[in-house]
Participant: 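I'd like to ask you about the structure that follows.
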Amino acid sequence: MFTGFNAQRRQFLAIATGAFALAPAVTISPARANSKEVNLTADTASTLRINATFAALKQIEAGVLDIGYAEAGPVDGPVAILLHGWPYDIHTYVDVAPLLASKGFRVIVPYLRGYGTTTFLSADTLRNGQQAALAIDIIALMDALQVDRAIIAGCDWGARTACILAALWPERVKALVSVSGYLIGSREANKMPLPPNAEQKWWYQFYFATERGRAGYSLNRQDFARLIWQTASPSWKFDDATFERTGRSLNNPDHVDIVVHNYRWRLGLADGESKYDDLEKRLAQSPAITVPTISLEGDNNGAPHPLATVYAKKFSGRYEHRVISGGVGHNLPQEAPQAFAQAVTDVGAF
């Protein structure tokens, strides 16, 4: 789930003093003529089950991984790569993918490292969850699939990864869709303490910092994930079958190591790999994103997330922010698939 940069951490001060309200009416500065806000209501797509599951999975060796992924749509269509987060999986997009495929997109939905059928090629590779490593995984996937350029869209860890790709490799990213906007993190910023009620929202981050937390997550990962789903999307009435379909992907043998390393690395409690140091230095500067972008936010997101007014200035190209109302929570693509698919379609035409 989300962690951000300095300005975003300042936003939590507003939360602590009661200034933060759910589903804020965001106003983008009129001086930015290439930016606008749109308020939308999630339609019945949030309760439809268009596609129970993906028909088949594919595997491809890319970088240090053997990546499992779902694919839909024509092979010669414009490519949209959809990235999931924690504790979710590719089924975040199980209803989005057919919508985009029907519009002619070639849709690629990979399991991130530590999820589903994605595995490491070598037992000796560090089970590294740092942000740069996940981004390099997607560049390696694009290279392996011979995809030069794609629309990259994501939420949670996937949104952060998508933002990193757009910031550091804009020549590979035609356009960006990001739930909760600019999510590139900084370990230096994460050293700053937050007010108590803001820290409480990150309870699992501190839990994972302990060996008790590692053991507890390993033993109870499905129950843990269900709790996160419920608190991050308090209005989402998912059924057991929907949860269990994703819960199985958390049984990946590397899952716990990747998740624990991800959160410990963010807090400076675990080292990354030196080969990513230059990338992390660039990311710590909060680089601007120049590619066309639509950011999305649900009006009932129960997970820590920044205000759109905090991150809007980070998008220097054509940019639009959309608030999806109707009780939409953190897992926006699965809760409001038509709104998410429409954003991908629209940003591709910017």
Side-chain angles (χ1 to χ4, degrees), residues 34 36-58 60 69-85 88-111 138 141-142 145-156 158-159 161-163 165-166 170 172-179 181 242 289 291-298 315 317-326 328 331-350:
N34 62 338
K36 66 176 180 177
E37 153 123 10
V38 178
N39 287 275
L40 302 172
T41 300
D43 53 30
T44 55
S46 61
T47 58
L48 290 176
R49 296 276 61 81
I50 299 172
N51 198 31
T53 190
F54 291 103
L57 292 180
K58 299 180 179 181
I60 190 167
Y69 66 101
E71 185 168 354
V75 295
D76 59 348
V79 179
I81 298 176
L82 312 180
L83 304 175
H84 70 82
Y88 308 98
D89 80 335
I90 62 173
H91 292 95
T92 289
Y93 302 104
V94 71
D95 295 333
V96 173
L99 293 172
L100 292 175
S102 70
K103 297 180 180 181
F105 286 93
R106 179 189 179 190
V107 186
I108 297 168
V109 192
Y111 281 114
I138 304 307
L141 175 64
M142 293 175 69
L145 293 173
Q146 298 183 344
V147 172
D148 293 329
R149 202 160 173 252
I151 297 172
I152 310 292
C155 62
D156 197 84
T161 303
C163 287
L165 295 174
R172 305 297 298 271
V173 180
K174 178 180 179 182
L176 169 69
V177 174
S178 178
V179 176
T242 297
I289 291 175
V291 305
T293 299
I294 293 176
S295 61
L296 300 172
E297 190 61 78
F315 300 101
R318 183 170 176 183
Y319 171 65
E320 181 176 308
H321 180 67
R322 298 179 179 181
V323 176
I324 313 302
S325 60
V328 176
N331 192 19
L332 189 151
Q334 197 164 356
E335 298 176 60
Q338 289 193 352
F340 191 87
Q342 190 62 55
V344 174
T345 301
D346 291 347
V347 80
F350 273 10

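All values below come from the heavy atoms of this structure, side chains included, with hydrogens, waters and symmetry mates left out. Here the structure is a predicted model, which is why all the values come from computation and not from measurement.
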Participant: Enumerate the residue pairs fulfilling salt bridge (charged side-chain N to carboxylate O under 4.0 Å, His left out) with a member in residues 96-105, sequence neighbours excluded, ordered by first and then second residue.
Facilitator: none
Participant: Nearest 0.5 angstrom please: T92 OG1 to N331 CG, how far?
Facilitator: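 Between T92 OG1 and N331 CG, I get 4.0 Å after rounding to 0.5 Å.
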Participant: Identify each donor-acceptor pair in which a side-chain atom of residues 104-111 lies under 3.5 Å from a protein atom, sequence neighbours left out, and give them as a table.
Facilitator:
from: R106; atom 1: NE; to: E71; atom 2: OE2; distance (Å): 2.6
from: R106; atom 1: NH2; to: E71; atom 2: OE2; distance (Å): 3.2

Participant: Considering non-hydrogen atoms only, spot the tightest contact between F315 and G181 and give its length.
Facilitator: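 So the minimum-distance heavy-atom pair works out to CZ-C, 4.0 Å.
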Participant: Going by the rule side-chain hydrogen bond (donor to acceptor under 3.5 Å, both in side chains), which residues pair with S295 if we only count those two or more places apart in sequence or in a different chain?
Facilitator: Y319, H321
Participant: Begin from the C-alpha positions of D95 and F340 and carry the test side chain to side chain contact (heavy atoms under 4.5 Å, CB included) through to its verdict.
Facilitator: CA-CA 10 Å; D95 295 333; F340 191 87; over 6 Å; no
Participant: Mind listing the closest non-hydrogen atom pair of T161 and L83 along with its distance?
Facilitator: CG2-CD1, 3.8 Å
Participant: What are the two closest non-hydrogen atoms of A336 and I324, and how far apart are they?
Facilitator: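 Nearest heavy atoms, A336 then I324: CB-CG2, 4.1 Å.
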Participant: Might you point out which heavy atoms bring I90 and A70 nearest each other, and give the distance in Å?
Facilitator: CD1-CB, 4.3 Å
Participant: Got a sec, which pairs hit salt bridge (charged side-chain N to carboxylate O under 4.0 Å, His left out) with one end in residues 341-350, sequence neighbours left out?
Facilitator: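 Output for this query lists R322-D346.
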Participant: Hey, is the main chain of V323 close enough, under 3.5 Å, to the side chain of S325 for a donor-acceptor pair?
Facilitator: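 Answer holds: no.
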Participant: Measure from the side-chain N and O atoms of D156 to the backbone N and O of G158, and report whether any donor-acceptor pair falls under 3.5 Å.
Facilitator: no
Participant: With sequence neighbours excluded, what pairs up with A175 under the side chain to side chain contact (heavy atoms under 4.5 Å, CB included) test?
Facilitator: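 Checked A175 against side chain to side chain contact (heavy atoms under 4.5 Å, CB included); matches are I151, P292, V347.
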Participant: Could you give the distance from CZ (R172) to CD1 (I138), rounded to the nearest 0.5 Å?
Facilitator: 11.5 Å
Participant: Could you pull out the closest heavy-atom pair between I81 and M142, with the gap in Å?
Facilitator: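 It is CD1-CG, 3.6 Å.
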Participant: Testing the basics here: between A162 and L176, what is the closest heavy-atom pair and its distance to 0.1 Å?
Facilitator: CB-CD1, 3.5 Å
Participant: Residues two or more places apart in sequence or in another chain: which of them pass side chain to side chain contact (heavy atoms under 4.5 Å, CB included) with A341?
Facilitator: V96, L99, L100
